Amino acid sequence: MTQIFAYIPFSNGVAEDVAMEFPTAAAKIDKGASLTAVLTGSGADLDKVANDMTGLYAEVIKINHNDLAYPNAEVVRKALVNVIPAGSIVLAPHNTFGMDLAPGLSVKMNASYAADIVDFAGVEGTVLKASRQELGGAVSTHVAIDIASGAVITIRPGSFAPVEGKTASGAVVDKSANAGDLSAKRKFLEVVQAEVGDVDITKADVLVSIGRGIEEQENIEIAEELAKAMKTVVSCSRPIVDAKWLEKGRQVGTSGKTVKPKVYMAMGISGSFQHLGGLKGNPFIVAVNKNPKAPIFQVADVGIVANIIEFMPELTSAINDL
Amino acid sequence: MEILVCVKRVPDTAENEFELNGAGNDLDRDDLVYSVNEWDNYAVEEAIQIVDKVGGNVTVITVGDSESEEVLRREMAMGANNGILLSDDAFEGSDGKGIAAILKAEIEKGKYDLILTGAQADEGAGQVGGMLAAMLDLPYASLVNKIEVGEGKIKVGREIEGGNQEMNEISLPCVLSIQTGINEPRYVGIRGIRKVAGVEIPVKSASDLGIAADSIGKAGAKTKRIDYFVPDLGAGAEMLEGSTDEIIAKLIEKLKAKGGL
Ligand SMILES: Cc1cc2nc3c(=O)[nH]c(=O)nc-3n(C[C@H](O)[C@H](O)[C@H](O)COP(=O)(O)OP(=O)(O)OC[C@H]3O[C@@H](n4cnc5c(N)ncnc54)[C@H](O)[C@@H]3O)c2cc1C
Ligand SMILES: Cc1cc2nc3c(=O)[nH]c(=O)nc-3n(C[C@H](O)[C@H](O)[C@H](O)COP(=O)(O)OP(=O)(O)OC[C@H]3O[C@@H](n4cnc5c(N)ncnc54)[C@H](O)[C@@H]3O)c2cc1C
């Protein structure tokens with residue numbers, strides 16, 4: 001029987017949403033598989049989340065240790081290698097923690113590795129078929145994962161439907177004694193909070209958001225003018241912040257701000273999942289992109305194939321003429 | 001400090017419209033424009049800045065075919081001192097672990113204090129750096145957006161959710177994957193590339209590296225790409241068509257209805 005272990009990330013005593021998505025993913029891998037939640041941490045927070053998980057998972061393993069109080073992937077990896085049986089399938093989220101933990105874990109467990117999976121099509125023999133994206137979402141691929149000696153797989157948060165309500169009545173098993181040597185050559189120091197910017201994009205009902213399609217710093221003015229006509233502010237994708245054209249507080253996405261506008265104007269943004277991950281509340285998305293195949297058109301409500309440098313000024317003057 | 005930076009030649013997402021080939025099993029690669037993986041330019045820039053401060057050398061390395069030499073030259077034009085091309089028919093079809101194993105074999109022949117990779121490449125896996133570290137038994141940190149060099153150890157910032165920064169102390173030697181935005185990679189012009197055009201770049205094969213051919217390449221791959229496909233994602237956007245004036249008139253009506261104006 002396939003044994004699946006899901007690593008549950010949590011902070012401040014609350015499991016991340018992906019905890020509700022793993023059971024759906026596991027059932028798509030193999031309906032008959034056993035599914036176990038694994039949590040690492042220390043103290044009351046760990047106990048609380050482990051208890052919460054018994055409603056979703058038939059078995060919950062907790063590993064309690066002072067060195068696991070902050071999820072330092074180098075330490076967590078050591079504990080998991082000692083606790084999870086060889087040959088298992090391990091699921092983790094494809095986020096900044098999973099990216100830190102999982103590739104090395106697959107090496108240490110001598111297991112196959114597959115990253116950022118968005119769907120599974122089940123196991124045949126020892127091969128698990130799955131789907132993922134490449135090239136920033138421009139293309140999708142099927143991959144075959146050999147699970148004969150186990151696999152470590154990260155799943156894209158938000159890609160599997162969350163299980164609703166209490167579906168299991170599991171028990172917590174304490175495996176702290178099995179964690180083994182947790183010494184590591186990387187020491188966690190502190191978390192530095194992101195700077196608060198000059199403009200709060202999280203409160204805006206409408207956002208004019210620009211991506212790499214803006215092409216040059218001077219062109220940002222064009223977007224500012226459209227934003228002014230729409231009585232709002234400019235937000236952006238990551239490359240605009242990396243280039244230091246706008247400050248970090250304007251960035252929408254998993255490593256930027258989470259916004260909940262009613263209307264989102266995606267101007268020259270391709271639509272990567274890290275960008276869309278910051279867009280919540282099901283806004284009305286208008287995408288303008290010169291590439292008719294841009295992935296953003298798959299998620300937008302309205303799409304326009306155009307050069308934003310020419311299109312935005314036209315739209316601005318039409319709005320100003322209303 | 002001896003720094004090795006792993007770089008990958010990838011199709012440029014900004015320059016290409018991706019289409020499947022006639023058979024639907026691969027991209028139509030005929031007219032694709034390739035460049036250096038965006039993340040790797042930040043890694044090379046960071047390496048150069050560290051060496052400028054504390055001395056040492058920057059070596060760039062790639063696993064690829066003969067065309068991959070051009071990305072090494074580009075990074076050498078930025079200021080990397082040496083380039084190494086790992087190339088062999090036997091490497092073709094390697095999965096992430098295969099690539100990491102090939103890199104490991106060469107790394108063990110040298111002596112590096114710091115090994116940098118990009119946080120991810122075109123396939124969005126972000127796998128090679130973490131695998132390499134585990135194979136070499138070195139400490140690892142991913143998504144690094146700050147490096148402060150100290151004695152025998154360094155302080156690194158990792159970018160985590162929400163743009164917060166997780167500070168860590170990590171001992172050398174180590175492997176780091178570099179996130180965009182850590183610096184502003186310098187511009188390389190045609191002249192810069194011409195300057196390094198004559199520099200010898202050693203090419204190493206599987207037998208040079210002493211790796212068994214069945215552990216890498218297609219034979220060794222435990223994760224295999226089967227095909228490319230176009231996902232069925234429902235309706236997608238309603239595409240507005242017509243003259244610019246017509247499009248704008250339609251758009252304004254919709255924006256009014258949705259509270260955008
Ligand atoms: C761990 C991690 C976290 C990340 N976090 C974030 C995040 O929080 N936010 C974020 O945005 N990204 C994030 N990224 C980066 C993300 O993967 C993408 O690289 C990024 O979102 C791409 O931005 P873009 O769409 O502006 O650029 P591109 O993908 O380069 O797209 C530019 C688009 O503009 C179009 N275009 C070009 N010129 C024009 C023109 N003149 N007119 C019209 N269209 C034009 C092109 O066709 C293309 O579709 C993260 C990456 C990682 C690895
Ligand atoms: C024709 C073809 C067939 C393929 N078949 C398969 C297959 O069957 N199974 C499979 O899993 N993969 C396959 N691949 C993918 C290929 O092996 C990838 O290069 C590998 O999986 C690592 O790339 P990545 O994008 O996942 O790297 P990531 O881990 O996302 O890249 C992170 C960093 O690792 C370093 N890095 C990545 N690749 C290299 C490299 N080649 N040289 C030096 N440094 C590097 C860079 O620093 C990069 O920034 C195929 C590719 C091609 C073109």
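The shown structure was predicted, so the numbers you read here are calculated from the model rather than taken from an experiment. Excluded from the calculations below are hydrogen atoms, water molecules and symmetry mates; all remaining heavy atoms, backbone and side chain alike, are included. Order of the sequence lines sets the chain letters (A, B, ...), proteins ahead of strands, with each chain counted from 1.
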Exercise for review: Name the region of A/Ala184, side chain, backbone, both or neither, that has any atom closer than 4.5 Å to a heavy atom of chain B.
Suggested key: neither

Revision key, fill the gap. From the list A/Lys185, A/Arg77, A/Glu195, A/Lys231, the residue making the most non-hydrogen contacts under 4.5 Å with chain B is A/Lys185

Review point. For the atom pair CG (A/Asp242) and CD (B/Gln179), what is the distance rounded to the nearest 0.5 Å?
Key: 7.0 Å

**Study point:** Under 4.5 Å from any heavy atom of chain B - which part of A/Lys257
**Key:** neither

Review point. If you look at every heavy atom in A/Pro103 and B/Gly126, which pair is closest and at what distance?
Key: CG-O, 3.6 Å

Check your understanding: chain B heavy atoms under 4.5 Å from A/Ala306: which part of the residue, side chain, backbone, both or neither?
Key -> neither

Point to revise | Donor-acceptor contact present, side-chain A/Glu74 to main-chain B/Tyr140, <3.5 Å | key: yes

Check your understanding: Any side-chain heavy atom of B/Asp227 within less than 4.5 Å of one from A/Thr141?
Key -> no

**Study point:** A/Asp116 side, atom CG; B/Gln120 side, atom CD - distance, nearest 0.5 Å
**Key:** 8.0 Å

Check your understanding: Considering only heavy atoms from C-beta outward, does the side chain of A/Leu135 approach that of B/Leu27 to under 4.5 Å?
Key -> yes

Point to revise | Enclosure of B/Lys250 NZ (heavy-atom neighbours >12, cutoff 6.0 Å) | key: yes

Check your understanding: Which atoms of B/Lys146 come close to chain A, meaning under 4.5 Å heavy atom to heavy atom: side chain ones, backbone ones, both, or neither?
Key -> neither

Review point. Heavy-atom distance under 4.5 Å between the side chains of A/Gln193 and B/Gln165, does that happen here?
Key: no

Study note, to complete from the structure: Looking only at A/Ala130, A/Ala151, A/Ala111, A/Gly137, most heavy-atom pairs under 4.5 Å shared with chain B are made by A/Ala111

**Study point:** Exam field: side chain B/Asn164 to backbone A/Ala194, donor-acceptor pair closer than 3.5 Å
**Key:** yes

Check your understanding: Is B/Asp137 paired with A/Lys108 through a side-chain N to carboxylate O contact shorter than 4.0 Å?
Key -> yes

Practice item. Any chance you could measure B/Lys254, atom NZ, to A/Asp301, atom CG, to the nearest 0.5 Å? Key: 9.0 Å

Exercise for review: State, without any angle test, whether A/Ser112 and B/Lys97 hold a side-chain donor-acceptor pair at a distance under 3.5 Å.
Suggested key: no

Study note, to complete from the structure: Rounding to 0.5 Å, atoms CD1 (B/Ile248) and CD1 (A/Ile319) come to a distance of 8.5 Å

**Study point:** Under 4.5 Å from a heavy atom of chain B, the part of A/Ser149 involved
**Key:** side chain

Check your understanding: Under a 4.5 Å heavy-atom cut-off, does chain A meet the side chain of B/Glu241, its backbone, both or neither?
Key -> neither

Check your understanding: Between B/Glu123 and A/Arg132, is the closest basic N to carboxylate O distance under 4.0 Å?
Key -> no

Check your understanding: What part of A/Gln274 gets closer than 4.5 Å to chain B, counting heavy atoms only: side chain, backbone, both or neither?
Key -> side chain

Check your understanding: Checking heavy atoms, do the side chain of A/Val286, its backbone, both or neither come under 4.5 Å from chain B?
Key -> side chain

Check your understanding: Do A/Thr96 and B/Ser142 have side-chain heavy atoms sitting under 4.5 Å apart?
Key -> no

Tabulate below the donor-acceptor pairs under 3.5 Å that side-chain atoms of residues 166-176 of chain B make, not counting sequence neighbours, or state none.
from	atom 1	to	atom 2	distance (Å)
B/Glu166	OE1	A/Tyr70	OH	2.6
B/Glu166	OE1	B/Arg158	NH1	3.2
B/Glu166	OE2	A/Arg186	NH2	3.2
B/Glu166	OE2	B/Arg158	NH1	3.2
B/Glu166	OE2	B/Asn168	ND2	2.9
B/Asn168	OD1	A/Arg186	NE	3.2
B/Asn168	ND2	B/Glu166	O	3.3

Check your understanding: Is the shortest heavy-atom distance from the side chain of B/Met239 to the side chain of A/Val305 under 4.5 Å?
Key -> yes

Point to revise | Side chain, backbone, both or neither of A/Val206 within contact of chain B (heavy atoms, under 4.5 Å) | key: side chain

Exercise for review: Could you tell me whether the side chain of B/Thr223 and the main chain of A/Tyr113 form a donor-acceptor pair under 3.5 Å?
Suggested key: yes

Study note, to complete from the structure: Bottom line for B/Pro11: the part with an atom under 4.5 Å from chain A's heavy atoms is both

**Study point:** Rounded distance [0.5 Å steps], CD in B/Glu184 versus NZ in A/Lys244
**Key:** 4.5 Å

Review point. When heavy-atom pairs shorter than 4.5 Å are enumerated against chain B, which of A/Val263, A/Val107, A/Ile145, A/Thr232 gives the highest number?
Key: A/Val107

Point to revise | Student check: side-chain heavy atoms of B/Leu255 and A/Met230 closer than 4.5 Å | key: yes

Study note, to complete from the structure: Smallest heavy-atom separation, A/Met99 atom then B/Ala119 atom, equals CE-O, 3.9 Å

Practice item. Find out whether A/Glu134 and B/Tyr228 are in side-chain contact, i.e. whether some heavy atom of one side chain is under 4.5 Å from a heavy atom of the other. Key: yes

Study note, to complete from the structure: Max heavy-atom pairs within cutoff under 4.5 Å with chain A, candidates B/Glu161, B/Glu19, B/Lys155, B/Gln127, goes to B/Glu161

Review point. With a 4.5 angstrom heavy-atom cut-off, which part of A/Leu322 approaches chain B: side chain, backbone, both or neither?
Key: side chain

Review point. What part of A/Ala144 is in contact with chain B, defined as an atom under 4.5 angstrom from a non-hydrogen atom: side chain, backbone, both or neither?
Key: both

Check your understanding: With only heavy atoms counted, which part of B/Ile247 is less than 4.5 Å from chain A, the side chain, the backbone, both or neither?
Key -> side chain

**Study point:** Largest heavy-atom contact set with chain A, pairs under 4.5 Å, which of B/Leu143, B/Ile160, B/Thr180
**Key:** B/Thr180

Check your understanding: Can you tell me if A/Arg238 uses its side chain to pair, donor with acceptor, with the backbone of B/Gly181 under 3.5 Å?
Key -> no

Point to revise | A/Val192, part contacting chain B, at a heavy-atom distance under 4.5 Å | key: both

Check your understanding: Just wondering, do A/Asn291 and B/Phe18 contact through their side chains at under 4.5 Å, heavy atoms?
Key -> no

Revision key, fill the gap. Closest non-hydrogen atoms of B/Leu251 and A/Ile304, given as atom of the first, atom of the second and distance, are CD2-CD1, 3.8 Å

